[in-house]
Q: 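Pasting a structure here, questions to come.
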Amino acid sequence: MDLLDWHRGQLSSRRLAILIKHLPRDSATIRDTDGEAAEWSVTDYLLAAVVDHLAAANWMFSVVNGDGESDPAEQPVPVPRPGDAHERDDRDGDAASADAPPAVPDPSELARFFG
């Protein structure tokens, strides 16, 4: 496809927008706009959430049912998600924020994710 067809009037703006919207996840355009998040599907995010919740449940069970004499197990580390590398780099300089809970996505991020 030649993008000059849009300039020449042989390709409508609506058709161009539809073609761009439905590009495959591994296309260069999607990777450029979404970054690492383009590599993760909804299933990947849900699976990471399941792993995190299961690890937290197992940790809570071991803390509650521990013998009390030994040191409690360390809280589990969540599965890294796309974009977390930047947050980890920012948090490395501040020890107090290293224990901060992960940021909750705002409604616009959720709307963009679920399309």
Side-chain angles (χ1 to χ4, degrees):
M1 168 172 295
D2 189 1
L3 289 180
L4 286 177
D5 288 345
W6 178 76
H7 180 67
R8 294 179 191 126
Q10 297 171 349
L11 179 66
S12 71
S13 296
R14 182 175 185 267
R15 177 71 176 149
L16 179 61
I18 289 172
L19 290 172
I20 291 173
K21 182 176 181 180
H22 295 288
L23 284 171
R25 185 186 335 255
D26 61 343
S27 70
T29 303
I30 299 297
R31 285 184 184 263
D32 186 52
T33 57
D34 293 347
E36 267 183 54
E39 298 175 13
W40 278 51
S41 66
V42 173
T43 306
D44 295 328
Y45 280 103
L46 291 173
L47 185 57
V50 167
V51 169
D52 290 344
H53 285 89
L54 184 60
N58 287 337
W59 172 76
M60 285 188 272
F61 181 82
S62 68
V63 168
V64 170
N65 295 310
D67 57 6
E69 296 174 10
S70 61
D71 292 334
E74 292 184 20
Q75 191 170 3
V77 177
V79 173
R81 289 166 174 77
D84 285 351
H86 300 294
E87 291 176 15
R88 272 186 263 122
D89 292 342
D90 294 342
R91 287 190 288 176
D92 287 343
D94 185 14
S97 65
D99 296 331
V104 178
D106 63 6
S108 65
E109 290 174 330
L110 288 174
R112 193 181 108 223
F113 178 76
F114 286 108

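Keep in mind that what you see is a predicted model, and the values were worked out from it rather than measured.
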Q: Please determine whether the number of non-hydrogen atoms from other residues, nucleotides or ligands lying under 6.0 Å from atom CZ of Arg8 exceeds 12.
A: yes
Q: Is there a continuous path of hydrophobic side-chain contacts, each under 4.5 Å between heavy atoms, that joins Met60 to Val63?
A: yes
Q: Starting at CG of Asn58, measure out to NE2 of His53 and round the result to the nearest 0.5 Å.
A: 13.0 Å
Q: Grab the two heavy atoms, one from Pro24 and one from Ile30, that are nearest each other, plus how far apart they are.
A: O-CG1, 3.6 Å
Q: Would you list the pairs meeting salt bridge (Lys or Arg N to Asp or Glu O under 4.0 Å) in which at least one residue belongs to residues 52-61, sequence neighbours left out?
A: Asp52-Arg81
Q: If we ignore hydrogens and angles and just use 3.5 Å, is the side chain of Asp32 paired with the main-chain N or O of Thr29 as donor and acceptor?
A: no
Q: Counting only N and O atoms by type, is there a donor-acceptor contact under 3.5 Å from the side chain of Asn65 to the main-chain atoms of Phe61?
A: yes
Q: Rounded to the nearest 0.5 Å, what separation is found between the CG atom of Leu16 and the CG atom of Leu3?
A: 6.5 Å
Q: Ignoring hydrogens, what is the shortest heavy-atom contact between Ala48 and Trp40? Give both atom names and the distance.
A: CB-CZ3, 3.8 Å
Q: Around Trp6, counting heavy atoms of other residues, nucleotides and ligands shown, do more than 12 lie under 6.0 Å from its CH2?
A: no
Q: Testing the basics here: between Ala73 and Trp59, what is the closest heavy-atom pair and its distance to 0.1 Å?
A: O-NE1, 2.9 Å
Q: I'd like to know whether CD of Gln10 has more than 12 heavy-atom contacts from other residues, nucleotides or ligands below 6.0 angstrom.
A: yes
